[in-house]
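The structure appears right after this line, and notes come after that.
Keep in mind that this is a model prediction, so the values were computed, not measured. Whatever order the structure lists them in is the order used to number ligands and atoms, beginning at 1.
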Amino acid sequence: MKIVIAPDSFKESLSALEVAEAVERGFRAVFPEADYVKVPMADGGEGTVQSLVDATNGRLINVEVTGPLGDPVPAFFGLLGDGKTAVIEMAAASGLHLVPRHRRNPLLTTTRGTGELLRAALDAGATRLVIGIGGSATNDGGAGMVQALGGRLLDRDGRDIGPGGGALADLYAIDLSGLDPRLEHVCIEVACDVENPLTGPNGASVIFGPQKGATPDMVAVLDRNLAHYADVVERELGRRVGDIPGAGAAGGLGAGLLAFLKARLRRGVDIVIEAVQLAERVKDADLVITGEGRIDGQTVFGKTPIGVAKTAKRFGVPVIGIAGSLGEDSHVVLDHGIDALFTIVPGVVLLDKALEQAEQYVVQTARHIAAVYRLGQSRG
Ligand SMILES: Nc1ncnc2c1ncn2[C@@H]1O[C@H](COP(=O)(O)OP(=O)(O)OP(=O)(O)O)[C@@H](O)[C@H]1O
Ligand SMILES: O=C(O)[C@H](O)CO
C-alpha cells in the first residue's frame, strides 16, 4: 500500500515536513508495512521555501540584504534539489514582520532587499526563479527591487530616485540597460497572495497600506504615486501591468516583476505541485493525505489541500484532509476533491496549547484515521 502525505505547514506550529512525519508515525502504528511518501507542500505563502527545500532535497542559503528601512537584515532563499530552481519569499527580505510597529512607513520602505535576494539566487546559478510575494512592509511597486538588479529609475534631473513609495512621485524616466544580463535567460514565476490590482479602491495602497503604517493621507499619496509609476512604466517600456490581478500584491511588487522582469504570475500551489512532481508521486497511490493549519470555506480558493486533492483526483485516488482547526464552512472542501476531513485537536484546549502540542495531536489523529481506513478495507 502506498500512502502519499502532502500537507502544507501549520502556521505557527509545524513545518510541512513535520506534519508529514507526524502523519506517517500515526499511520505506521496501524499500517507498519505501508510505503509512505512524504511531500511537503506550500502555496507560495510563508513556509514555501522550507517546504520546497525539504521536498526536493535542496538547501537553504542565508544572505544578508537591505531590510525594508535600509538596515541590513538576515534573509534566505532556497536552492532546490535540481540545482537550478531558486525559491524566494519576498517577505524574508522586505516583510512586515521585519519592521517594528512604530517604525512602519510605506512612504520609506523598500523592496531593495528582495532584488538583492534575486541577485544572490542568480549568483548561486539559478536559471529559474520562483518568488512568493505578500506579507510585505512595502508599497514601492518593486522599484527598490529593480534598482538592486541594476535598473535605473530617474527623476527629471537624471538622478536615481530614493527608496520607498513616497519617492515614486519623482520618477520621470526608466533605464533598464544596466539590468543584470543573466535575467534575460531566467524564467521567473511569481505566486501572489492576493489578486488586487495596483491602484484604485481595491489597489495595493488602499487595501494593504494601513497595515503597513499608512495614515489615510499617506494612502492617498501612495495610491497617486503608484498610478504615476504605472504611467511612466507604460510610457517608457510600453507595458501596461496595473490591472493584471496580482499586480497590487506586496505593495505593487507584482506589477514591478511583470513590468521589469517579464515574470509570469501563477497560482502558488500550481507552481509547487509542478516543482515537487506531485502528479508523478500520487498517480499510483492508494491514499493521499493533505492538510493545513486551518481549513475553512476559503481553502477552496487556491490553497494547498485543494491543489493536492485535485491532483489526486486526476488519478482517482482518495484524499483525506487534516487541519489544526476547521472553520464553519470547512465542509465546502468536500465538494472539491477532499473525501473526508478531520481536525487534530482532541478536546477543548487553548490555542497556545494546540499549537504547542500539534505534533502529538497529528500523530494521534493520523492513528485514528488509519484505524477507520483499515475498517473500510476489512469490509472491502
Ligand atoms: N496545530 C494547530 N492547532 C490549532 N490551530 C492551528 C494549528 N496550527 C495552525 N492553526 C491555526 O490555523 C491558522 C492558520 O494557519 P494556516 O497554516 O492555514 O495558515 P494560512 O494563513 O492559511 O497560511 P497560508 O495562506 O500562508 O497558506 C493559524 O494562525 C492557527 O490559528
Ligand atoms: O504584502 C501585501 O501587501 C499583502 O500581503 C498583499 O499582497
If you measure from each heavy atom of Leu14 to ligand 1, is any distance below 4.0 Å? no

Indicate the atoms forming the closest heavy-atom contact of Pro40 with Val276, along with that distance. O-CG1, 4.2 Å

Restricting to non-hydrogen atoms, name the atom on Gln298 and the atom on Lys303 that form the minimum distance, rounded to 0.1 Å. O-CG, 3.9 Å

Using the rule that two of Ile, Leu, Val, Met, Phe, Trp, Tyr join whenever any of their side-chain heavy atoms come within less than 4.5 Å, decide whether Met41 and Leu80 are in one cluster. yes

Closer than 4.0 angstrom, basic N to acidic O: yes or no for Lys310 and Asp270? no

For salt bridge (charged side-chain N to carboxylate O under 4.0 Å, His left out), just list the numbers for Glu234 and Arg239, CA-CA rounded to whole Å, side-chain angles, deciding distance to a tenth of an Å, and then say yes or no. CA-CA 5 Å; Glu234 188 173 351; Arg239 291 179 208 145; over 6 Å; no

Which of the atoms in ligand 1, numbered in the order shown and given with their element, are less than 4.0 Å from a heavy-atom of Ala358? 1 (N)

Find all atoms of ligand 1 within a distance of less than 4.0 Å from any non-hydrogen atom belonging to Ser9, and give their numbers and elements. 17 (O)

Glu292: numbered ligand 1 atoms lying under 4.0 Å from its heavy atoms: 18 (O), 22 (O), 27 (O)

Positive for side-chain contact (heavy atoms from CB on, under 4.5 Å) with Met1, one of Tyr36, Phe27, Phe31: Phe31

Please state which protein non-hydrogen atom is closest to atom 8 (N) of ligand 1 and give its distance, to 0.1 Å? Ser13 OG, 3.1 Å

Evaluate salt bridge (charged side-chain N to carboxylate O under 4.0 Å, His left out) for Asp339 paired with Lys313, printing each intermediate quantity in order. CA-CA 10 Å; Asp339 298 296; Lys313 283 295 169 260; 2.7 Å; yes

Can you tell which of Lys303, Gln298, Lys11 gets a heavy atom nearest to atom 22 (O) of ligand 1? Lys303

Using a strict cut-off of under 4.0 Å between a residue heavy atom and any atom of ligand 2, list the qualifying protein residues by chain and number. Gly134, Gly135, Ser136, Asp193, Val194, Phe208, Lys212, Ala249, Ala250, Gly251

Around atom 11 (C) of ligand 1, find the nearest protein heavy atom and jot down its residue, atom name and distance. Gly293 O, 3.8 Å

Check each of Glu359, Arg294, Glu356, Lys353 against atom 13 (C) of ligand 1 and report the one with the nearest heavy atom. Arg294

Give the atoms of ligand 1, by number and element, whose distance to some non-hydrogen atom of Ala354 is under 4.0 Å. 1 (N), 3 (N), 4 (C)

If you count the atoms of ligand 1 from 1 in the order shown, which ones are under 4.0 Å from a heavy atom of Ile344? 1 (N)

Students should be able to answer this: which protein heavy-atom is nearest to atom 30 (C) of ligand 1, and at what distance? Glu12 OE1, 4.0 Å

Determine whether Lys212 and Ser136 satisfy the following criterion, side chain to side chain donor-acceptor pair (under 3.5 Å), listing intermediate values before the conclusion. CA-CA 8 Å; Lys212 302 173 190 180; Ser136 68; 3.0 Å; yes

Distance under 6.0 Å and angle within 45° of the ring axis: does Arg235 meet both against Tyr172? yes

Per-atom contacts of ligand 1 with Gly324, taking only distances under 4.0 Å to non-hydrogen atoms: 2 (C), 3 (N), 4 (C), 5 (N), 6 (C), 7 (C)

Can an N or O of Gly45 be found at a distance shorter than 3.5 Å from an N or O of ligand 1? no

For ligand 1, which atoms have a heavy atom of Leu355 less than 4.0 angstrom away? 2 (C), 6 (C), 7 (C), 8 (N), 9 (C), 10 (N)

Is a salt bridge present between Glu24 and Lys38, judged by a nitrogen-to-oxygen distance below 4.0 Å? yes

Option among Val363, Ile369, Val362 that satisfies the side-chain contact (heavy atoms from CB on, under 4.5 Å) test with Thr365: Ile369

Smallest heavy-atom separation, Arg240 atom then Ile244 atom, equals O-CD1, 4.2 Å

Give the residue and atom name of whichever protein heavy atom lies nearest to atom 27 (O) of ligand 1, and the separation in Å to one decimal. Asp43 OD2, 3.1 Å

Heavy atoms of Thr299 and Arg294 approach each other most closely as OG1-O, 4.0 Å

